[in-house]
There are 2 protein chains.
Amino acid sequence: MNTKDLAYFDRLIKLKNFSQVANEFGVTQPTITMAIQRLEAEFQAKLVLRDRVHHELVVTASGRQLAVHAESVLQELALAHQEITHLTQDQTVLGLPPIIENYYFPQVAASLQKRGMLADIRTLTGGSVWLRNALRDGQADLALLGSTAPLAYKSLIAEEFDRQPFNIFVSAAHPLAKRKRIYFSELKQEKFVLFNHSFVHNTAFNLLTRRNHFRPDVVFRATDTHAIMNLVAENVGVTFLTGIVDQHRPDVARLELLDDEQPAFLSSIVYRSSHVLTPAQQQVLTILRTTLTRS
Amino acid sequence: MNTKDLAYFDRLIKLKNFSQVANEFGVTQPTITMAIQRLEAEFQAKLVLRDRVHHELVVTASGRQLAVHAESVLQELALAHQEITHLTQDQTVLGLPPIIENYYFPQVAASLQKRGMLADIRTLTGGSVWLRNALRDGQADLALLGSTAPLAYKSLIAEEFDRQPFNIFVSAAHPLAKRKRIYFSELKQEKFVLFNHSFVHNTAFNLLTRRNHFRPDVVFRATDTHAIMNLVAENVGVTFLTGIVDQHRPDVARLELLDDEQPAFLSSIVYRSSHVLTPAQQQVLTILRTTLTRS
DNA sequence: CCCCATTATAAATTATTTTTATAGTCGCTG
DNA sequence: CAGCGACTATAAAAATAATTTATAATGGGG
């Protein structure tokens, strides 16, 4: 079977139009007709029904079933391409969420530089949720990810190396600024400045708001710690971040949370279980482990 | 790309000999040479090195990486074939471990028969561990599985419907037969007759022996409850089974375990998350749910 | 040195896919 | 209701791709 046929089929399921699929792939329309016929012969089943009455394309149960597998076959092959490209170029793509990039990466970078390995590393920045997908899709080979619970995905191997509590940051001008510790429930009336949705902070934050039965007033979401801190300093709102971002700013105060069973920010080294690490990637992994794991 | 090439490659990685692979597929040797060259061109990387000196075939890092994905592509396609065959024949293959087949299935079968659906169901018998693989590989569409912990596999959906403690069964002639309850540690000196390894009972049993620091004297392993019970009745050994197998035999006594945090035998309805259920399979699922879930 | 077991290469053959050209279906519209 | 437009199907020809046949190349061992 030709994987091209699966690619045609995959698009057909989505576009529901033979001619459009043909266009997208730069082939003629009968090519798609023939491809589908080949698949129908191969699997001995009708995959799509041409319902001319309601002029739409109906995907049969078999078609839906094949679509599921076609997609993962194509995904698997794309992954193979990505990984082998990185492999032959002896390049390592390391995914880093901004908080981790700021706090943990400098030590790692120093260690890598000493061994002359920093040049072979490309970093990829994004929220932990987004990076987890990038890792799965082969855009990254290794990643340092944040999470609120230990990462347990069959396709990924995660090695936790740190665990930090979340803190509340308020402007020095804020009435709460003189407090050292606070219960989350005391923040019901506050305005919040938070990370945008692809960050795990939200998972933890949502857990706490749910547990304390309130709908937080989120006035702004940003992608960058500094941006958030600047807004907090200006008293636009308060924020919810890990202690490690503490920049010792005189205009922002950090408060610890007093709640029981608080969520924590776990940091892990993560890579695909299906990924064959190059010697260089293996070395990067070792350096990450030795640099980050606190004894 | 042709999946045939991946199949050739997959075998080549294992056999490490072009001619043998050609033989297995009933093609000539240059076919394999060409297939590998096509893949090497496609992925722009050497996949195997022909080391004539030590006359063996060396798989490169890229080759190993591709092998991982090739295998899962082929597996995915085989699965698609299986599932679509079941789909078009409107057949449901239901996996049942023998204990569940004996205890839970009769009620289900009655319910299915009433709706005239029993004929479209083929059952597949085996230990829970074996059946889980059969389910993954598409040999079964649905299964009732036993486990000691909730089943959590990304590729499978499991709905727990019952939870039973494990019991000890001894011959009526056995000194322990007059007891009603017992600690597992009291069985250190006993001989055991158990299920063979593909049953979850062993997971639970091993947990208890490890926790109580002893190496059990397992005199026999069988695949069938009746066989085990007969051996127990003959005082060949004692056994470790769920209470539900209780056949109210006068020659065998059942003892409850007094240990804290005992493992339990969980029964779940399981199916592949990637599987598109036919209306018939959907119905079977509903019947399984309503029949098995105790309110 | 020749033979054996391997894998590679090239040309011929065979198989498969794609294109070109055209037909069929159905709904819509004047 | 004829004709047009938006679809998909079919058949023959053309273009590609895979496989075979025949033979070469490589290196080890008798």
Side-chain angles (χ1 to χ4, degrees), chain A residues 1-60 62-64 66-67 70 73-74 77 81, chain B residues 1-60 62-64 66-67 70 73-74 77 81:
Chain A
M1 188 200 319
N2 204 313
T3 55
K4 234 190 270 179
D5 288 357
L6 293 177
Y8 294 157
F9 179 68
D10 180 60
R11 287 305 288 158
L12 180 63
I13 294 299
K14 277 149 200 161
L15 295 176
K16 301 199 186 293
N17 179 308
F18 283 59
S19 313
Q20 265 172 266
V21 174
N23 251 319
E24 274 202 9
F25 284 95
V27 295
T28 60
Q29 168 265 311
T31 302
I32 310 304
T33 301
M34 300 304 245
I36 302 306
Q37 285 180 356
R38 280 193 294 271
L39 290 176
E40 293 188 328
E42 162 103 31
F43 290 96
Q44 303 253 58
K46 276 255 156 295
L47 299 174
V48 290
L49 301 172
R50 294 77 172 173
D51 181 350
R52 291 195 225 265
V53 183
H54 305 88
H55 88 88
E56 62 179 0
L57 202 82
V58 180
V59 183
T60 66
S62 302
R64 286 199 304 279
L66 181 59
V73 164
L74 296 171
L77 290 175
H81 259 111
Chain B
M1 187 202 320
N2 204 310
T3 55
K4 233 191 270 179
D5 289 357
L6 292 177
Y8 295 158
F9 179 68
D10 181 60
R11 287 306 288 157
L12 180 64
I13 294 298
K14 277 149 199 160
L15 295 176
K16 301 196 186 294
N17 179 309
F18 283 59
S19 313
Q20 265 171 265
V21 174
N23 251 319
E24 273 201 10
F25 284 95
V27 295
T28 59
Q29 168 265 311
T31 301
I32 309 304
T33 301
M34 301 300 249
I36 302 306
Q37 285 180 356
R38 279 194 294 272
L39 290 176
E40 292 188 329
E42 163 102 32
F43 289 97
Q44 303 253 56
K46 277 254 158 297
L47 299 174
V48 292
L49 301 172
R50 295 74 170 174
D51 180 350
R52 292 198 224 264
V53 182
H54 305 88
H55 87 90
E56 62 181 0
L57 202 81
V58 180
V59 183
T60 66
S62 301
R64 286 200 303 279
L66 181 58
V73 164
L74 296 171
L77 290 175
H81 260 112

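Chain A is the first sequence line, chain B the second, and so forth, proteins listed ahead of strands; every chain is numbered from 1.
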Could you check how far [atom1] of [X] sits from [atom2] of [N], rounded to whole Å?
| X | N | atom1 | atom2 | answer |
| --- | --- | --- | --- | --- |
| B:I36 | C:dT7 | CD1 | P | 11 Å |
| A:N17 | D:dC7 | CG | P | 5 Å |
| B:Q29 | D:dA25 | CD | P | 15 Å |
| B:L49 | D:dG27 | CG | P | 15 Å |
| B:F18 | D:dT19 | CZ | P | 14 Å |
| A:N23 | C:dT19 | CG | P | 12 Å |
| A:L57 | C:dT25 | CG | C1' | 15 Å |

Subject >> A:E24 atom CD, neighbour heavy-atom count above 12 within 6.0 Å >> reply: yes
Original post:
In a check of side-chain hydrogen bond (donor to acceptor under 3.5 Å, both in side chains) between A:R38 and each of A:N2, A:D5, A:T33, which one passes?
Top reply: A:D5
Original post:
Hey, does B:Q37 reach any base, or is it just sugar-phosphate, or nothing, if we go heavy atoms under 4.0 Å?
Top reply: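 Here B:Q37 touches the backbone only, sparing every base.
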Subject >> Phosphate contact (C:dA8 OP1 or OP2) by B:T33 side-chain N/O below 4.0 Å >> reply: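 Indeed, a polar side-chain atom of B:T33 lies that close.
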**OP:** Summarise protein proximity over nucleotides 10-18 of chain C in one line of letters, 5' to 3': B for base, S for sugar-phosphate only, - for none, counting protein heavy atoms closer than 4.0 Å.
**Re:** -------SB
Subject >> Pairs touching residues 21-44 of chain B that satisfy ring-ring contact (aromatic ring centres under 6.0 Å, His included), sequence neighbours left out >> reply: A:H81-B:F43, B:Y8-B:F25
